[in-house]
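Notes follow the structure.
Because the structure is a prediction, the values reported are computed rather than measured. Every chain is numbered from 1 and lettered A, B, ... according to where its sequence line falls, protein lines coming before strand lines.
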Number of protein chains: 2
Amino acid sequence: MSTSGRQPGAFRAELVAVVASVGEDGPAVLASGDPLQLPAGELRADHDSLQEGVRAFAAEQTGHTLGYVEQLYTFADLGRGDGTGRVISISYLGLTRADTTAPEWAGAYTLLPWEDRRSVGTEQVLIDDLSRWVRGVRGAAREARQERREHLFGIGSMPWRPELALQRYELLWEAGIVAESPRASAVRPESGAVMLHDHRRIVATGLSRLRSALQYRPVVFELMPPTFTLGQLQDVVEAIAGQDVHKQNFRRLVEQQHQLVEPTGDLSHGTGGRPARRYRFRREVFAERAQVGTKLPIPRGR
Amino acid sequence: MSTSGRQPGAFRAELVAVVASVGEDGPAVLASGDPLQLPAGELRADHDSLQEGVRAFAAEQTGHTLGYVEQLYTFADLGRGDGTGRVISISYLGLTRADTTAPEWAGAYTLLPWEDRRSVGTEQVLIDDLSRWVRGVRGAAREARQERREHLFGIGSMPWRPELALQRYELLWEAGIVAESPRASAVRPESGAVMLHDHRRIVATGLSRLRSALQYRPVVFELMPPTFTLGQLQDVVEAIAGQDVHKQNFRRLVEQQHQLVEPTGDLSHGTGGRPARRYRFRREVFAERAQVGTKLPIPRGR
DNA sequence: GAGTAAATGCTGAGAGTGAGCATAACACTC
DNA sequence: GAGTGTTATGCTCACTCTCAGCATTTACTC
């Protein structure tokens, strides 16, 4: 391919991180400023690898080390950023265990309220908005919109699939229900907090990826304290998935995962009921199963 | 984050494409030169989006348009390339329908022979090499290696999972069984053809992604002629998955996918047996299900 | 007519999942 | 110290999916 572009080799590149942690009130991501923005830093030449770069600058900014790091997506479209030339943004997901009550943490479901279905949140408003959007066209196009709406939001016989968070965001964006960049717009509380540029889309990407990873990699444990009860583990899984899970089935699954966790021997008292056994993640299996065969349940909701 | 790097904003960026097509002898990717290399081109400023860039330069180079395009991964580690500074490589997977007998196509299983298990290929040699690698260390490390080998290669009670192609490549690379860059090395025929730099790893990434996509998106049809028999469809799926599938179950699954395909009405004669019904992909469902709920079977092999 | 490939119908084993009932063990109240 | 609420834990059952075969029919090619 010939290089007929005008600036053959000059691009600014930055790392954008979705640093996630799970606290009492659910998952949260590092974000600060007004409008909220994700931590980002110019790509530096003194990092051997991108992963290393992400880890380093997350440590600088937060004092926390990231347990798990995964590349999300690279954005380089024109029309992003501030018009000072094309910026290549390489986005990463990083998991850590931090106190999310500090002000620099933004609740994931403050940004994407419809993704939390634990307490039968009345996201009905958005569904209705979508209905109007569906009816905005006729014929085959309307059917297509209708199908997407039903598939993504688990309407009718379709299940709600937590890992489709990004696609839901994109649908809502197309429908004009959520806004990117803080333009003046008729933003309802149900449509969540706006972020700078396309940062909220990146958060949605991260949530999607995290929810997917949950199903086949032992990533939850990066968000857990060293020892924990199965109840606590379930709470974290539910927080990430945004869905309640059947308690008995959850323990069955965790326990039958061959040697994924092991009991420490002591109990957790004072939780108001029968004391729970404490468990520890068997870090030994991490290397082996980093990529394979560790599934925690994300149920398909009804 | 402060910009303490020495060259804050100067990076070369390129697009690298894994352009795949399926012909008589299985999946193939565009690659030429000696050593073989993937088509790549400098990122140009006159493309609005990366996708558009990939499509444009694939069209330039091959004359074929890509039906499906998906971003794979962005590489920007030092130590890649030719030492003339850091290059950011954004890799893409693109599917097309082309005659793969032309010389610029390299068979995917020439590059990654162990990924084709259709004809009970005797990849036993590699398994044995891996056994030696496992025995190269002691204690817990040995167990970890052993576990990884069993998980990834479907040994013992573990199933062979086609979509783990990348992880298998990485394991073989760690074990020194496949080489990157054409260094002089004891390369066996069983370890496949070497490519430039890390290009073979990118092919493995593409194969992994393609096999995953197969399970929940109607991407196969991008590789099929406008009309086809279920037998042909099965052949292509098997070629990509590198695995045979149970015929009756395959048809059952395809047919019960609500309106995914429809019979054209005419038959395919001259195949040596009873003529098969020809089908056509219902492109209408593509938009709706682009992201959701179209699963074709990739079986877990025994 | 023989051979072959495709379509079609059916079946049963087994795994996995969703959902519920029942019991156990604590804290707290009266 | 009995009762109540709450959480943990154990067990069962129905149901769906998937895998994997068997058998039969059809209609072409050679």
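With D:dG10, D:dC19, C:dG9 as the candidates, the nucleotide lying closest to the side chain of B:Asn249 is D:dC19. Here the nucleotide nearest the side chain of A:His246, chosen from D:dA20, D:dC22, C:dA19, is C:dA19. Among D:dC13, C:dC26, C:dA22, the nucleotide with an atom closest to any side-chain atom of A:His269 is C:dC26. Among the nucleotides D:dT18, D:dG10, C:dA19, the one closest to any side-chain atom of B:Arg252 is D:dT18.
Between the side chain of B:Arg209 and the backbone N or O of B:Gln71, at least one donor-acceptor pair lies under 3.5 Å.
One atom, CD of A:Gln232, and another, P of D:dA8, lie 9 Å apart when rounded to the nearest Å. Computed from coordinates, the A:Asp244 CG to C:dA19 P distance equals 12 Å when rounded to whole Å. Note: CZ (A:Phe228) to C1' (D:dA8) measures 16 Å, nearest angstrom. Atom P of nucleotide D:dC11 and atom CZ of A:Phe250 are separated by 19 Å, given to the nearest angstrom. The distance between atom CG of B:Asp235 and atom C1' of C:dA6, rounded to the nearest whole Å, is 12 Å. At whole-Å resolution of the value, CG in B:Leu230 and P in C:dA5 are 17 Å apart.
Take the nearest nucleotide of DNA chain C for A:Gln248 and for A:Leu267: the residue whose nucleotide is more 5' is A:Gln248.
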What pairs of nitrogen or oxygen atoms, one from the protein and one from nucleotides 4-7 of chain D, lie under 3.5 Å apart?
unit_1 : atom_1 : unit_2   : atom_2 : d
D:dG5  : N2     : A:Gly272 : O      : 3.2
D:dT7  : O2     : A:Arg274 : N      : 3.2

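Annotation: ring-ring contact (aromatic ring centres under 6.0 Å, His included) contacts of A:Tyr73 (sequence neighbours excluded): A:Phe75. Take B:Asp235 and apply the salt bridge (Lys or Arg N to Asp or Glu O under 4.0 Å) test, not counting sequence neighbours, and it matches no residue. A search for side-chain hydrogen bond (donor to acceptor under 3.5 Å, both in side chains) contacts involving A:Asp25 returns nothing, not counting sequence neighbours. Listed by chain and residue number, nothing satisfies the side chain to side chain contact (heavy atoms under 4.5 Å, CB included) test with B:Glu24 (two or more places apart in sequence, or in another chain). In terms of the ring-ring contact (aromatic ring centres under 6.0 Å, His included) criterion, B:Tyr279 has no residue partners (sequence neighbours excluded).
The aromatic rings of A:Phe153 and A:Trp160 sit perpendicular, their planes meeting at an angle over 60°, well past the 30° parallel limit.
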